[in-house]
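Convention: sequence-line order gives letters A, B, ...; per-chain numbering from 1.
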Number of protein chains: 2
Amino acid sequence: MHKFGVQGNINTWLDQIHHEYKTAVSVDCVIFGYDHSGLKILLIPCDMPPFENRLSLLGDIVHPDETTDEAAHRVLSTRTGLDDIYLEQVQVFSDLKRHPLSRVITVSYYSLIKIENDDFLLEKDNLGLQWKNVKDITELAFDHKLIMDTSLDRLKRNLREHPIGFALLPSVFTLNQLQTLYESVLGFEMDKRNFRRKLGNLEILKATGETQKDVSHRPAKLYYFDKEAYEEKLKNGFSFGL
Amino acid sequence: MHKFGVQGNINTWLDQIHHEYKTAVSVDCVIFGYDHSGLKILLIPCDMPPFENRLSLLGDIVHPDETTDEAAHRVLSTRTGLDDIYLEQVQVFSDLKRHPLSRVITVSYYSLIKIENDDFLLEKDNLGLQWKNVKDITELAFDHKLIMDTSLDRLKRNLREHPIGFALLPSVFTLNQLQTLYESVLGFEMDKRNFRRKLGNLEILKATGETQKDVSHRPAKLYYFDKEAYEEKLKNGFSFGL
DNA sequence: TCAAAAGTGTTACTTCTACACCCATGC
DNA sequence: GCATGGGTGTAGAAGTAACACTTTTGA
């Protein structure tokens, strides 16, 4: 093999590239939801051999007139009817054999949605669309299990460094719900008093003044994430951490 | 616009995709090097209009028979003759107008090399290939400035959380060289004694027993990064941090 | 003997961890 | 009145940040 600089810079050579250098590009979305039973992702049955009996992530080919971010947003809004969803690019998977029909390079995203808003599951075009507990997922179609695991690692990290957990909870929540979310996703228990003290110091939660109703114990105060306060603090060099 | 589930799962619909949904995919490498004058990246002149007077990152189209990781490694080894280079995927850039000739989705990588090994600059096929100080770079061809900035952010973060700084230094170095690297990349000064204490506690550096030669001051001890010790510690739940 | 970087400890402050009891509500 | 989760403070440990002088070498 030649050693140095024999091929051109892509940017100078692109006009020599013919269509066999082109490839299909897709996006795959790991859509996380959360409820009392734990962290879940949204899956759909796969009908492509040899994966007919498996579930797969939601994805689609990237269209010529959209960015990959836009494609991911399109997949989400088409499937769920939801806009303004937390969405983050994870990474590219480009294994040659990852797709049985042809070469498909995929860009993975993860997103966080409030599981309470899942009326879209009833839509007739969404047949088979379902939530699965992350802990119960042992295999998926294609390399989607790998994509899920990679996204989950990313989620765990971001959960501690950015105020994104709120995107998985109802817009108003109790401190215990928040702590349980953290424990469930991260996989270890946290001390109640320390957790609450840290949150208090952050000063990004506001009490609604309301409390829980119809619970057979002392009702908890309800809070919401004060995004404006958070962004104001960001400007002053503040950084979130739990 | 239709609302729900009208398009198929990519995985079930791929056979319907014709070639106009295919696109060129490239990799672009932000190759970092470091010496006393600071952090640099490797650039090459661009000869594609309208960027004839700008420099660009090293990149190439992804071939049909290779992953994007392999393409990035190929670009690196073809240009520099170096193998076994630290390489990490950053993210995809897919803006529709990012490339003047046609749509090109690019996967960016950053890599770290020991600048002392830059004989490859002399190769005839590498005409114009050059190191530029990151601080002096105000514009690049295409969206490469954005790619550089994004990669630099990633580097800064990883530098504090993973033992990667060593990949930019000679295989044997002084503690002061290491500290200066950190200060230069991260952009703030660190306390010498605290820095050394932290490093000592990590127990991943070993003294060679040698010292600097031919310096007109007290010669510093030389160290190397003990990768085996580091990986052993990793298994026991250790995590790097500076 | 001077210049220049190497090397080394202590103290105050901040943050983190571990831990136990009373409170408000529904049944 | 009892079961259930809600809500609160303190003390010890660990880690971080700030700070100055002596040493070794070459010129």
Side-chain angles (χ1 to χ4, degrees), chain A residues 34-38 159-161 169-170 172-184 186-224 233 236-242, chain B residues 34-38 159-161 169-170 172-184 186-224 233 236-242:
Chain A
Y34 172 81
D35 68 14
H36 60 279
S37 73
L159 197 58
R160 305 201 65 167
E161 300 178 3
L169 291 177
V172 156
F173 49 85
T174 69
L175 296 180
N176 195 38
Q177 277 179 289
L178 185 61
Q179 182 178 341
T180 306
L181 163 65
Y182 269 80
E183 292 177 338
S184 159
L186 297 176
F188 57 86
E189 302 204 335
M190 294 167 141
D191 180 90
K192 179 163 64 160
R193 280 176 287 195
N194 295 339
F195 185 82
R196 286 167 185 234
R197 180 175 25 253
K198 277 192 200 170
L199 274 171
N201 292 340
L202 293 176
E203 297 176 304
I204 57 175
L205 292 191
K206 295 284 184 301
T208 62
E210 305 285 300
T211 57
Q212 284 180 307
K213 300 294 177 206
D214 302 318
V215 287
S216 76
H217 53 74
R218 175 173 172 179
K221 289 182 191 163
L222 292 170
Y223 294 85
Y224 65 94
K233 291 189 135 238
N236 307 327
F238 163 87
S239 90
F240 181 91
L242 270 181
Chain B
Y34 172 81
D35 69 14
H36 60 280
S37 74
L159 197 58
R160 304 201 67 167
E161 300 178 4
L169 290 177
V172 156
F173 50 84
T174 68
L175 296 181
N176 195 39
Q177 277 180 290
L178 185 62
Q179 182 178 342
T180 306
L181 163 65
Y182 269 81
E183 292 178 338
S184 159
L186 297 176
F188 57 87
E189 302 205 336
M190 295 168 139
D191 180 89
K192 179 163 65 160
R193 282 175 287 195
N194 294 338
F195 185 81
R196 286 168 185 232
R197 180 177 24 255
K198 276 193 200 171
L199 274 172
N201 293 339
L202 294 176
E203 298 176 302
I204 57 175
L205 292 190
K206 294 285 184 298
T208 62
E210 305 285 298
T211 58
Q212 284 180 306
K213 299 293 177 210
D214 301 320
V215 288
S216 75
H217 54 76
R218 176 174 173 177
K221 288 183 190 163
L222 293 171
Y223 294 84
Y224 65 94
K233 292 190 136 242
N236 306 328
F238 163 88
S239 90
F240 181 91
L242 270 182

Of residues 190-206 of chain B, the positions that come close to DNA chain D - non-hydrogen atoms, cut-off under 4.0 Å: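 Within this stretch, B/Asp191, B/Arg193, B/Asn194, B/Arg197 sit under 4.0 Å of the strand.
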Over how many whole Å does the gap from [X] atom [atom1] to [N] atom [atom2] extend?
X        : N      : atom1 : atom2 : answer
B/Lys213 : D/dT24 : NZ    : C1'   : 13 Å
B/Gln212 : D/dT23 : CD    : C1'   : 15 Å
B/Leu178 : C/dA6  : CG    : C1'   : 15 Å
A/Leu222 : C/dT25 : CG    : C1'   : 15 Å
A/Gln179 : D/dG7  : CD    : P     : 12 Å
A/Glu189 : D/dG5  : CD    : P     : 14 Å
A/Lys221 : C/dA24 : NZ    : P     : 11 Å
A/His36  : D/dG5  : NE2   : C1'   : 16 Å

With sugar-phosphate meaning primed atoms plus P, OP1 and OP2, does A/Asn176 contact a base, only sugar-phosphate, or nothing at under 4.0 Å between heavy atoms?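 The residue A/Asn176 makes sugar-phosphate contact but no base contact.
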DNA chain C nearest-nucleotide lookup for B/His217 and A/His217: closer to the 5′ end is B/His217
Look up atom [atom1] in [X] and atom [atom2] in [Y], then write down how far apart they are to the nearest 0.5 Å.
X        : Y        : atom1 : atom2 : value
A/Leu159 : A/Phe240 : CG    : CZ    : 7.5 Å
B/Leu222 : B/Gln177 : CG    : CD    : 8.0 Å
A/Asp191 : A/Arg197 : CG    : CZ    : 8.0 Å

Donor-acceptor under 3.5 Å (A/Tyr182 side chain, A/Arg160 main chain):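 Between the backbone of A/Arg160 and the side chain of A/Tyr182 there is no qualifying donor-acceptor contact (under 3.5 Å).
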Residue pair B/Asn236 / B/Phe238, side-chain heavy-atom distance below 4.5 Å: no
Determine whether more than 12 heavy atoms belonging to other residues, nucleotides or ligands lie under 6.0 Å from atom CD of A/Glu161.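 Correct, the count exceeds 12.
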